[in-house]
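Keep in mind the model is a prediction, meaning the values are calculated, not measured.
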Amino acid sequence: MRHRSVADLMTPNAVVVQRGTTFREIARLLEEYDITAVPVIDEDERPVGVVSEADLLRRHIDKIGPATAEALMTSPAVVARPEWSVVRAARTMDEKKVKRLPVVDGSGRLIGVISRSDLIQLFLRRDRAIQEEILEDVLTRTLGVPPSAVTVEVTDGTVTLSGAIRRRSLIPVAVRLCESVDGVVEVVDRLTFEEDDTATDDDPATKGNPATEHVPATQPRRPAAESARSTPDLFP
């Protein structure tokens, strides 16, 4: 499985300003490009800070200091790398309380910007694409489960798994792998198993118990309870 990275979702050729850019010009750029913040770069195109709407409002209220990007910006800039996962970028935004991250290359030069709205695009992935990845990559290639054994239904990012997997121990693994697929919002587990490989013959609590004994392949048994598992929210 290949997870999309910051490089896949970021906006290249980002709108930027210089240290000497004025308050009015920054406000005009935010309005014109419908963005909430803009990176401030130096002569080598390295981000040295970020000016946000909040920074502009604070300066307007306080009216203290020069009204240039260098005086207004929050510094140092919190940046992302193009190879980061979208989860790492989202966590960084949440921890640092920012909505946008400048993306820099190995030399620290700005190559783009990733925002919360860019990350949300991940959850607009087509249901068909999610279904194909789960069937081909998760079940067939990774777990060795025949495609005919499990039915995968995807509706608005919610994945429902039904059918019979040979070994019971594979069910939680399959669910976790499906949860990690890009675009999955929730996984509903309706899988059954043919063989309970989680029980031991020497376990008095399971020995002789029909609920935990081997079930023939022609009569798959449903686990005691179904469960719905949700992926962690990117933006709590």
Side-chain angles (χ1 to χ4, degrees), residues 3-126 156-158 180 182-186 230-236:
H3 297 292
R4 283 187 282 182
S5 65
V6 166
D8 296 322
L9 297 176
M10 72 179 188
T11 301
N13 305 318
V15 179
V16 300
V17 297
Q18 306 290 331
R19 285 189 171 101
T21 306
T22 64
F23 180 106
R24 182 179 291 274
E25 177 63 13
I26 295 171
R28 186 190 67 77
L29 289 171
L30 296 185
E31 173 67 21
E32 179 179 347
Y33 291 96
D34 192 25
I35 54 180
T36 59
V38 61
V40 183
I41 60 172
D42 63 15
E43 301 78 14
D44 297 319
E45 298 185 351
R46 293 184 172 89
V48 294
V50 173
V51 178
S52 68
E53 292 173 328
D55 295 322
L56 294 182
L57 290 173
R58 191 178 303 112
R59 171 60 177 78
H60 179 70
I61 293 171
D62 296 340
K63 298 187 184 303
I64 298 175
T68 62
E70 186 169 24
L72 295 167
M73 70 184 183
T74 299
S75 182
V78 180
V79 301
R81 300 285 182 177
E83 68 273 13
W84 280 14
S85 70
V86 294
V87 173
R88 182 173 179 180
R91 286 176 177 164
T92 300
M93 289 182 189
D94 183 58
E95 291 170 1
K96 302 300 183 179
K97 308 303 179 188
V98 296
K99 298 179 181 179
R100 298 165 64 86
L101 295 173
V103 183
V104 298
D105 62 16
S107 63
R109 288 184 173 85
L110 186 74
I111 58 174
V113 170
I114 189 162
S115 67
R116 285 187 174 188
S117 60
D118 294 326
L119 297 181
I120 289 173
Q121 295 300 314
L122 190 68
F123 295 100
L124 300 180
R125 190 181 182 197
R126 292 185 302 110
D156 294 332
T158 295
S180 70
D182 288 342
V184 171
V185 176
E186 180 183 26
S230 302
T231 54
D233 289 338
L234 288 180
F235 312 111

Considering all heavy atoms of both residues, which atom of V79 and which atom of P47 are nearest to each other, and what is their separation? CG1-CG, 4.0 Å
If the condition is side-chain contact (heavy atoms from CB on, under 4.5 Å), which residues does R58 pass it with, not counting sequence neighbours? A54, D55, D62
Not counting sequence neighbours, which residues clear side-chain contact (heavy atoms from CB on, under 4.5 Å) with A27? List them please. L56
Would you say that V48 contacts E70 through its side chain, given a criterion of any heavy-atom pair below 4.5 Å between the two side chains? no
Would a distance-only check, ignoring hydrogens and angles, find a side-chain to backbone donor-acceptor pair under 3.5 Å from R59 to L72? no
May I have all residue pairs that pass salt bridge (Lys or Arg N to Asp or Glu O under 4.0 Å) and include part of residues 101-110, sequence neighbours excluded? none
Salt bridge (charged side-chain N to carboxylate O under 4.0 Å, His left out) against R46, all qualifying residues, sequence neighbours excluded: D44
Does any part of the side chain of P102, heavy atoms only, come nearer than 4.5 Å to the side chain of V50, both counted from C-beta? yes
Keeping the roles fixed (side chain from R125, backbone from D182), state whether a donor-acceptor pair exists under 3.5 Å. yes
Do the non-hydrogen side-chain atoms of E83 and V6 ever get within less than 4.5 Å of each other? no
Taking the side chain from T11 and the backbone from A14, do they hold a donor-acceptor pair closer than 3.5 Å? no
To the nearest 0.5 Å, what is the distance between CG on N13 and CG on L110? 9.5 Å
Is there a side chain to side chain contact (heavy atoms under 4.5 Å, CB included) between Q18 and I41 once you walk through the steps? CA-CA 6 Å; Q18 306 290 331; I41 60 172; 3.9 Å; yes
Could you please spell out the steps behind the side chain to side chain contact (heavy atoms under 4.5 Å, CB included) verdict for T92 and W84? CA-CA 11 Å; T92 300; W84 280 14; 3.5 Å; yes
When you compare the side chain of L101 with that of M93, does any pair of heavy atoms fall below 4.5 Å? yes
From I111 atom CD1 to R81 atom CZ, the distance as rounded to the nearest 0.5 Å: 9.0 Å
The criterion is side-chain contact (heavy atoms from CB on, under 4.5 Å); which residues satisfy it with A69, sequence neighbours excluded? V17, T21, I26, V40, V51
Between CD on residue E53 and CD on residue E31, distance to nearest 0.5 Å: 9.5 Å
Under the salt bridge (charged side-chain N to carboxylate O under 4.0 Å, His left out) test, residues paired with E32 that sit two or more places apart: R28
Which distance, rounded to the nearest 0.5 Å, do you find between the OG of S52 and the NZ of K97? 15.0 Å
Rounded to the nearest 0.5 Å, how far does CG of L9 lie from OG of S117? 10.5 Å
Looking at side-chain heavy atoms only, is the closest gap between D42 and R19 below 4.5 Å? yes
Kindly indicate, with the supporting measurements, whether the criterion side chain to side chain contact (heavy atoms under 4.5 Å, CB included) is fulfilled by D156 and V185. CA-CA 8 Å; D156 294 332; V185 176; over 6 Å; no
